[in-house]
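Please read the structure below before turning to the comments.
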Amino acid sequence: KNWSWIDQNTASSKMTLGLLFSIVIVNSIVSNAQIYRESTSMVSFSGLDVECTSSNCAIYCDTDDGCDSLTINASKSDFLELYCSTSSSCNGLNIAAGPSQKLTVSCEPSNSCDSIRVDSPHTAHIDISCGGFGSCSQAFFNVAFATQVDVYCGGLACFFPRFNVDYVHRFSFSGTLQTSEINATRVLESFNVECLGMFNDVALYCPIADNVLCNVYCNGCIDLVLYPSSFDQLDLQCSARELACDGVTVHCPEDTTTASSTDLRYNQLEGSFRCENERCCPYNMRRNTTNIYCASDECAMTCANGACPIKSVLNASNATSLSLQCNTEAECEHLSLICPENGVCDILCEAPYSCQYLDISASNITSMNVLCNGDYSCLKLQIDAAAIAETATVSCLASFTCQHSTMTMIGGLSSQSDISITATRNQTLLSSALEVHGVNQFNIHCFGLSYQSVCQDMRITVDETNHVTGVCDAPNCFDAAVWNLSVQDFDLVCHGDKQASGCNAMTIETVFEHSISLQSVAADNTTASSSFEQTSIALSCSSDIHRHYCAHPDRNTVTFTCAEQCSYCESTAFELRTTRAQNLFTCAIDDPAADPTESPTTPKLIVTPKTSITSTSATDILVSYIDATTISSTEQESNQETSADGSCDRQLTSRALDIAMGVVIGIAVSWCCMCCYLVVQTTKRQRKASRIRAYTPPGPP
């Protein structure tokens, strides 16, 4: 108990019993760093007191119950990292004093940090991550006088935890909570709580500072009680789900109304949440705003040092250009921005959290460029841009940027504008909605590392546009995305492999004029990946003349074109499926010989036309290989009945006549052969009979 762990600089002067156990337990001491690894120590850490004396201290609890009831004092260190990597490895652990610069606590396995206690005042940055089931149940976190506190509770990791937050500059929580309490007394800059799965029996006490918004985002708050210090301070947002805020209760501040609380209920007609008690409703309050105007034609500014208070409006409509830089955390948070008319609008969000809830509006703008380069920098970004003359570019280049964003962009009168969206790093553009109208070219490119998911669960609506291109170059990108398009051409390319592919579980509803190309390419660019599984595709041609869907499958690509008549594969709709081997798509082929690359005798995939194009898992085989010449008359009649305009009827009728003619010719040839056979046999019998009659046997001797 109360052993002092001794680093290399003090070992020579402290030859004590503490030194003996330091040598046994401290696995390695290198250049002002202490590393404790329980699994390789000669004694268990359970129940011990550890004092970190080096600048960097790392403790690895990697056996069951290995650090049970361990007490850590890191007040003499700058950095402390605690990794609890097995079940029950850190149960009852107590961080009695944190380091000065950064504390990192990682509890990923289930039940790994049950009843953990963290008392860490005067630590600049605190990062706590709880991943496995019950990993941080009954935990207690007491943080104060910190610059940044980030807490993540994944899945069902946090049962019965408590959070005390006081004199913290920035506090951020994301994940799920069960029977929990967050008590934020004083937060100086920003306070964000995001329910990503479920809040059940949770009490949230907002900060008391009037100049700090209590930002709460709910995606499943089935039982959340909010205690804001004022309605002007509360910013409660609910996702589009009907049950997102159905369990939220808001307690009214005492100085606002005599009503004590209100429950939120979803209004089906309005598609939003409303208060049951209108006398106590945060949505009825209006916040005071600060208007900021550009003083020159070329407006270049920052919002540093409080230049843009929360809910400010920056009006640059009379300027020719605007260049806004947000270089510090929360600098442009909750800012409403009006871009110059007939000018250029450039926004740079460089720091983490710098442009959360940024609202950009533009009308008759020449070009716009938004660059989000810090983690969480453009969370819930909102863009409403009309009459874009040339270009609009949005680049989300850091983790968790542009999540839950809404962007509406409309081209100018010439319809020659180009829109580009780029997303990279983990979970960018998650659950965002994009609407593009009347432009020449719209491009969206999502890419990331092998373990990162990008552009998931998006809603993409594009109409009156010439060309749309989507590129997926990350695992699970565009998964569960909904494409609603009315365009001339649409190209979608999905890179991946069997283990990590994107473009799955999508819905594509497209009215097109020229062509649609869907391509799935593995990492080696030669074989098909497992993209487009469980994807539903519905197509229709916009032209009155070209009303046929002509499919041209390749190894990795299928292209649909609108034409008067199809030469390769034609139907009112196709049924598609992905494979993990050679071919990405297959479809019905009316005439095998019509494809110049295939032999007429090669078996084909025959698919009865459906009302929609459906791509399913490779294990769900919808079609089977059969010889094209074995199509029955019943199938032909079915195909004729599903034909839209008679062209397929004419082709199938012609083919039926060809088959009938072939049958007649076959029967005629068979009769001729039979007649020839009978003539030959009759001639042989006659010759044999004449020989018998001419023969006279010899008489007796």
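Residue indices begin at 1 and follow the sequence shown.
Going from atom CD1 of Ile116 over to atom CD of Gln138 covers 13.0 Å, rounded to the nearest 0.5 Å. A distance of 6.0 Å separates CD1 of Ile35 from OH of Tyr60, quoted to the nearest 0.5 Å. The structure places OG of Ser323 at 8.0 Å from CG of Leu348, a figure rounded to the nearest 0.5 Å. With rounding to the nearest 0.5 angstrom, the CD atom of Gln356 is 11.0 Å from the CG atom of Leu213. Expressed to the nearest 0.5 Å, how far OG1 of Thr71 lies from CG of Leu48 amounts to 9.0 Å. One finds the CD1 atom of Ile383 at 6.5 Å from the CD1 atom of Ile421 (value rounded to the nearest 0.5 Å).
Side chains of Asp150 and Gln148: a donor-acceptor N/O pair is present below 3.5 angstrom, by distance only. A donor and an acceptor atom, one from each side chain of Glu189 and His169, are located under 3.5 Å apart. Defined by atom type and a distance below 3.5 Å, a donor-acceptor pair is missing between the side-chain atoms of Asp384 and Thr408. A side-chain donor from one of His334 and Asn215 sits under 3.5 Å from a side-chain acceptor of the other.
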Quick one, Val118 with Leu103, criterion side-chain contact (heavy atoms from CB on, under 4.5 Å). Give me CA distance, side-chain angles, the key distance, then yes/no. CA-CA 10 Å; Val118 177; Leu103 168 64; 3.8 Å; yes
Trace of the side-chain contact (heavy atoms from CB on, under 4.5 Å) decision for Glu194 with Asn219: CA-CA 8 Å; Glu194 187 172 13; Asn219 191 38; over 6 Å; no
Audit row: Thr86, Asp62, side chain to side chain donor-acceptor pair (under 3.5 Å) steps and yes/no: CA-CA 6 Å; Thr86 63; Asp62 47 3; over 6 Å; no
Evaluate disulfide (SG to SG under 2.5 Å) for Cys299 paired with Cys294, printing each intermediate quantity in order. CA-CA 6 Å; Cys299 184; Cys294 287; 2.2 Å; yes
Before you tell me yes or no, could you show the steps for Ile126 and Val168 under side-chain contact (heavy atoms from CB on, under 4.5 Å), namely the whole-Å CA-CA distance, both residues' side-chain angles and the distance that decides it to 0.1 Å? CA-CA 11 Å; Ile126 300 174; Val168 171; over 6 Å; no
Show your working on side-chain contact (heavy atoms from CB on, under 4.5 Å) between Gln325 and Glu350 and close with a plain yes or no. CA-CA 7 Å; Gln325 294 190 15; Glu350 186 69 26; over 6 Å; no
Working note: Asp457 + Ser431, criterion side chain to side chain donor-acceptor pair (under 3.5 Å); need CA distance, chi angles, decisive distance, verdict. CA-CA 5 Å; Asp457 193 27; Ser431 299; 3.2 Å; yes
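The shortest side-chain heavy-atom distance between Ser112 and Ser85 does not fall under the 4.5 Å cut-off. Looking at heavy atoms from C-beta onward, Ile95 lies in side-chain contact with Val105 at the 4.5 angstrom threshold. Residues Thr406 and Glu435 are not in side-chain contact: their nearest non-hydrogen atoms beyond the backbone lie 4.5 Å or more apart. Side-chain contact between Pro228 and Val250: present, with at least one pair of heavy atoms (C-beta onward) separated by less than 4.5 Å. Here the side chains of Met407 and Leu429 are in contact, with some heavy-atom distance below 4.5 Å. With contacts defined as side-chain heavy-atom distances shorter than 4.5 Å, the pair Asn315/Asn291 does not qualify. Under the 4.5 Å side-chain criterion, counting only non-hydrogen atoms from C-beta, Asn73 is not in contact with Asp49. Side-chain contact between Val394 and Cys396 is present, with heavy atoms from C-beta onward closer than 4.5 Å.
The aromatic rings of Phe163 and Phe173 sit perpendicular, their planes meeting at an angle over 60°, well past the 30° parallel limit. Ring pair Tyr36/Phe45 is perpendicular by interplanar angle, where above 60° counts as perpendicular and below 30° as parallel. Ring orientation note: the planes of Phe145 and Tyr167 are close to parallel, at an angle under 30° on the 30°/60° scale.
Looking at Ser405, its side chain does come within 3.5 Å of a backbone N or O of Leu381 through a donor-acceptor pair. Under a 3.5 Å cut-off, the side chain of Ser77 and the backbone N or O of Phe79 do not form any donor-acceptor pair. Between the side chain of Ser120 and the backbone N or O of Val143 there is no donor-acceptor pair closer than 3.5 Å. Side-chain atoms of Ser180 come within 3.5 Å of backbone atoms of Pro161 as a donor-acceptor pair (strictly under, hydrogens ignored).
In plain terms, the two heavy atoms of Leu397 and Asn373 that are nearest each other are CB-OD1, 3.7 Å. Between Thr428 and Phe400, the shortest heavy-atom distance links the atoms CG2-N, 4.1 Å. Between Thr123 and Pro99, the shortest heavy-atom contact is OG1-O, 2.5 Å. Between Phe141 and Ile128, the shortest heavy-atom distance links the atoms CD2-CD1, 3.4 Å. Nearest heavy atom pair, residue Ile444 against residue Ile460, reads CD1-CD1, 4.2 Å. Minimum heavy-atom separation, Cys308 to Ser312: C-OG, 3.5 Å.
Glu333 pairs in a side-chain contact (heavy atoms from CB on, under 4.5 Å) with only one of the listed residues (Ser190, Cys303, Cys355, Cys326), which is Ser190. With Asn183 as reference, Asn164 is the one residue of Val165, Leu204, Asn164 to meet the side-chain contact (heavy atoms from CB on, under 4.5 Å) rule.
Residues forming a salt bridge (Lys or Arg N to Asp or Glu O under 4.0 Å) with Glu329 (at least two apart in sequence, or on another chain): Arg170. By the side-chain contact (heavy atoms from CB on, under 4.5 Å) test, Thr328 is found to be paired with Glu331, residues two or more places apart in sequence or in another chain being considered. In this structure, the side-chain contact (heavy atoms from CB on, under 4.5 Å) partners of Ala157, at least two apart in sequence or on a different chain, are Cys130, Ser135. Ser137 meets the side-chain contact (heavy atoms from CB on, under 4.5 Å) test with Asp114, Phe159; sequence neighbours excluded.
Per the SG-SG cut-off, Cys113 and Cys107 are bridged by a disulfide [distance under 2.5 Å]. The SG atoms of Cys52 and Cys57 are placed within less than 2.5 angstrom of each other. Cysteines Cys158 and Cys153: SG-SG separation is under 2.5 Å. Distance check for Cys218 and Cys245: the SG atoms are not under the 2.5 Å cut-off. By the SG-distance test at 2.5 Å, a disulfide connects Cys61 to Cys67. Checked against the 2.5 Å cut-off, the SG-SG distance between Cys372 and Cys349 does not fall under it.
Residue pairs meeting the side chain to side chain donor-acceptor pair (under 3.5 Å) criterion with at least one member in residues 88-98, sequence neighbours excluded: Asp65-Ser88. Under the side chain to side chain donor-acceptor pair (under 3.5 Å) criterion, the residue pairs touching residues 98-109 are Asp78-Ser100, Glu108-Ser129, with sequence neighbours excluded.
More than 12 heavy atoms of other shown residues, nucleotides or ligands fall within 6.0 angstrom of atom CZ in Arg459.
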